[in-house]
Amino acid sequence: MIQITLPDGSIKEFHRGATPMDVAISISEGFARNVISAKFNDITIESSTPLMENGSLTLFTFNDVEGKKTFWHSSAHVLAQAITSIYPNVKLTIGPAIENGYYYDVDLGDEVISDKDFKDIEQKMLELARGKHEFKMREVSKEDALNFYKSQNNQYKVELIENLTDGEITFCDHSDFTDLCRGGHIPNTGIIKAVKVMSVAGAYWRGDEKNNQLTRVYGISFPKQKMLTEYLELLEEAKKRDHRKLGKELELFAFSAKVGQGLPLWLPKGAALRERLENFLKKAQKKAGYEMVITPHIGQKELYVTSGHYEKYGEDSFQPIHTPKEGEEFFLKPMNCPHHCEIYNNKPYSYKELPKRFAEFGTVYRYEQSGELHGLTRVRGFTQDDAHIFCTPDQLDKEFKDVIDLVLYVFKSLSFENFTAQVSLRSKEKSEKYIGSDENWEKAETAIINAAKEKGLDYVVEYGEAAFYGPKLDFMVKDALGRSWQLGTIQVDYNLPERFDLNYKGADNKLHRPVMIHRAPFGSMERFIAVLLEHTAGKFPLWLTPEQVIILPISDKYQKYAENVLCLLENSEIRALIDDRSEKTGRKIRDAELNKIPFMLIVGEQEEENGTVSVRKQGEGDMGTLTINEFTSFITKEISSTLEQF
RNA sequence: GCCGGUGUAGCUCAGGGGUAGAGCGUUUCCUUGGUAAGGAAGAGGUCAUGGGUUCAAUUCCCAUCAUUGGCUCCA
């Protein structure tokens, strides 16, 4: 007999060779029907794998992340099988489960899969799934494994196997299909009831541009048809929150092929909204001791040679602007730091004057690859809410923490709760990619980790993600479709002060090197507004939204009164407009609701007589009648309650 | 940049080898209406651009541009 420990701590006895499924049945038949995989002593196994020793067992259903992973990974096998049967000459490579579904990378040779072929693949998959084929693992020797794939001319699998250790190689068989596989499958294909091929994409073998390009087929599958339907509906819902769609509908920004791709045009409402965001941050920054500066959009080549950006990115990123004078070259600025370094260099500083904090809403230009451009989240011209802090090494710790406080204030004011923090350090191999001494990097990396810890951030450490000039702390937020974007960033830089020969006079009357912090709480105005749009589905906080109030006169007769109300609201700095169309009230309300205007003021005979307004809140309905004064103070209070001071 | 998809009215989209259609919006007129769509009439398109095939191309083919899902990249 063996003793099996379950997640609740209870221990049950089973005969040697009992399977996880036997354990599941001993708990309940109904539960067993939903069990699709298991983990035994932290190793993912099939529900049919015999248990030969004492240990702890966790059973997974589709509701568990692990269960989904197993389900989707198994589905990837079926996808590969379906593709192989439709395209017999295909070479399979890898097919992992991902956050939502799975993909399989295949080499199709000269053939092409396009979305017209999805239906066929889906049907084939379902047909194969209905066969209820069991997934069976078997060990193979390295030699046999290599021979198996060499006979198929599959250089990809051969490469994979060559990197594996003999004795640890397993194949997974189901039906007539065999694949190199580490394990972790559902009992049989029959529980895959709904499949959908989502898209195809080009992907390089092992993610390296120099390698062959493979076709990546993305799919998703579920144990119930209804779950697939719901998933697709969820995707449709998410698309409604897409900032590109909302930005167009709310007339915030636009693109023009004539102006150029990736170069956003801010429409009046968007520009005003952006200005409010800027003012919000300016106010907080002023309190935090920042000083605004302004620098030009271009800089001499020499500036970027000094900063090191030219050497690092000059060739493939931005082209020089030539002027009539011989040999003169300027570049569009890809970042503001070199300019700010020169501002620092404008005069000598004593340690008593530090830290200096120079802030600028600086517009920068970067030649992003055309395929990478995406709405407002990745563009070629954008404005950073940039600032550079020059301080003594002793001040670094406090300054860094203060910046974290500022970022958290910004996020809190805009109700961004689901962000994660990422500490980006050098790759462990420490390639020559990085500028600066080991010692300085060490100091900076330690400072960041300490600050993140002390501020109680929920952070992950990523090696190899640091900027070439220093380590950083980034704040990541997901968009409507679950894609992760970097917003706020705080970066320590020991390198630019060196390159620009920045210094200050210390108490010892000697010159010292200041430390520099780059930081941008929003990241960029463009990306921040994009993510904010998706988070709020266009229902911005009251203080930020383009139109706060719309006045709806019952008929033309009350137009004059509506104008009076408008005038009074504007005196209180409330953004309002009148819907003076010759439409019925119901219609005006409907349109205002759809335009997401937070407050509607209905005015007619009664209101005119009493100097009142009938208030309706977007999404919530009638709030009753208030005098104009009562309403303006109500709005003012609403705004101040949602926007705390820094 | 690479692999797929898409490009038709201001917006959302249908259509299809014989030079175009819907809904919404817009304009004009009627209606002056009290908490999510009042009625009528009209205007509006070189079917992304440039080539090719064809008697004939918006439709088929190729290229370019833009856009889109990924990959790679990302200061």
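Quick note on labels: first sequence line is chain A, next is B, and so on, each numbered from 1. The structure presented is a predicted model; accordingly, all values stated were derived computationally and were not measured.
A:Lys157 has its side chain out of reach of A:Lys91: every pair of non-hydrogen atoms, C-beta onward, lies at least 4.5 Å apart.
By the 6.0 Å and 45° rule, A:Arg380 stacks over the aromatic ring of A:Tyr367.
Rounded to whole Å, the distance from NE2 on A:His243 to C1' on B:U68 is 12 Å. B:G1 atom P lies 21 Å from atom CG of A:Asn211, rounded to whole Å. Following rounding to the nearest Å, A:Asp115 (CG) and B:C3 (P) show an atom-to-atom distance of 17 Å. A straight line from CE of A:Met198 to P of B:C3 spans 23 Å, rounded to a whole angstrom. The distance from atom CZ of A:Arg380 to atom C1' of B:G1 is 10 Å, rounded to the nearest whole Å. Distance CZ (A:Phe382) to P (B:A75): 10 Å, rounded to an integer number of Å. One can place CG of A:Leu373 at 13 Å from P of B:C65, the figure rounded to the nearest angstrom.
Taking only side-chain nitrogens and oxygens, A:Ser199 never comes nearer than 4.0 Å to OP1 or OP2 of B:G70. A:Arg244 has a side-chain polar atom (N or O) that falls below the 4.0 Å cut-off from OP1 or OP2 of B:G69. Between A:Gln261 and B:U67 there is a side-chain polar atom (N or O) within less than 4.0 angstrom of OP1 or OP2. Dashed line: the shortest gap from a side-chain N or O of A:His374 to OP1 or OP2 of B:G69 is under 4.0 Å.
To the nearest whole angstrom, the two C1' atoms, one in B:A66 and one in B:U31, are 45 Å apart. Annotation: B:U46 and B:A57 have their C1' atoms spaced 13 Å apart (nearest Å). Distance check on atom P: B:G25 versus B:G38 gives 9 Å, rounded to whole Å. Rounded to the nearest Å, the gap between the C1' atom of B:G70 and that of B:U64 is 23 Å. The separation of B:U59 from B:U49, taken at their P atoms, amounts to 10 Å, rounded to a whole angstrom. On the C1' atoms, B:U53 is 15 Å away from B:A63, given to the nearest whole Å. B:A48 and B:G15: their P atoms are spaced 15 Å apart (whole Å). With both ends at atom C1', the span from B:G45 to B:G4 equals 29 Å, rounded to whole Å.
Within a 6.0 Å radius of CD in A:Glu605, other residues, nucleotides and ligands contribute 12 heavy atoms or fewer.
Taking a cutoff of 4.0 Å between a charged side-chain nitrogen and a carboxylate oxygen, A:Lys560 and A:Glu608 do not qualify as a salt bridge. Between A:Lys472 and A:Glu465 there is no salt bridge, since no side-chain N of the basic residue sits under 4.0 Å from a carboxylate O of the acidic one.
Ring planes of A:Trp485 and A:His374: tilted class, angle from 30 to 60°. Using a 30° and 60° split on the angle between ring planes, A:Trp205 and A:Tyr156 fall in the perpendicular class, above 60°.
With B:G70, B:A75, B:U68 as the choices, the nucleotide that has an atom nearest any side-chain atom of A:Tyr218 turns out to be B:G70.
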Seminar exercise, completed: Protein-proximity profile, nucleotides 32-40 of chain B, B/S/- by nucleotide at the 4.0 Å heavy-atom cutoff, equals BBBBBBB--
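A distance below 6.0 Å separates the ring centres of A:Phe390 and A:Phe358.
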Exercise. Can A:Lys239 and A:Glu236 be said to form a salt bridge (Lys or Arg N to Asp or Glu O under 4.0 Å), step by step?
Worked result: CA-CA 5 Å; A:Lys239 276 186 196 155; A:Glu236 283 308 307; 3.5 Å; yes
For this session: Using the side chain to side chain donor-acceptor pair (under 3.5 Å) rule, take A:Thr489 and A:Gln491 through it: C-alpha gap first, then chi angles, then the decisive distance, then the call.
Result: CA-CA 6 Å; A:Thr489 179; A:Gln491 316 183 351; 3.0 Å; yes
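Nucleic acid contact for A:Gln369: base, since at least one base atom lies under 4.0 Å from a heavy atom of the residue.
We find the CD1-CD1 distance between A:Ile589 and A:Ile597 to be 12.0 Å, quoted to the nearest 0.5 Å.
Between A:Val112 and A:Ala203, it is A:Val112 whose nearest contact on RNA chain B lies nearer the 5' terminus.
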Exercise. Can you give the dot-bracket line for RNA chain B, using ( ) for pairs inside the strand, [ ] for pairs that cross earlier ones, | for pairs with another strand and . for unpaired bases, where Watson-Crick and G-U count if both distances are under 3.5 Å?
Worked result: (((((((..((((....[..)))).(((((.......))))).....(((((..]....))))))))))))....
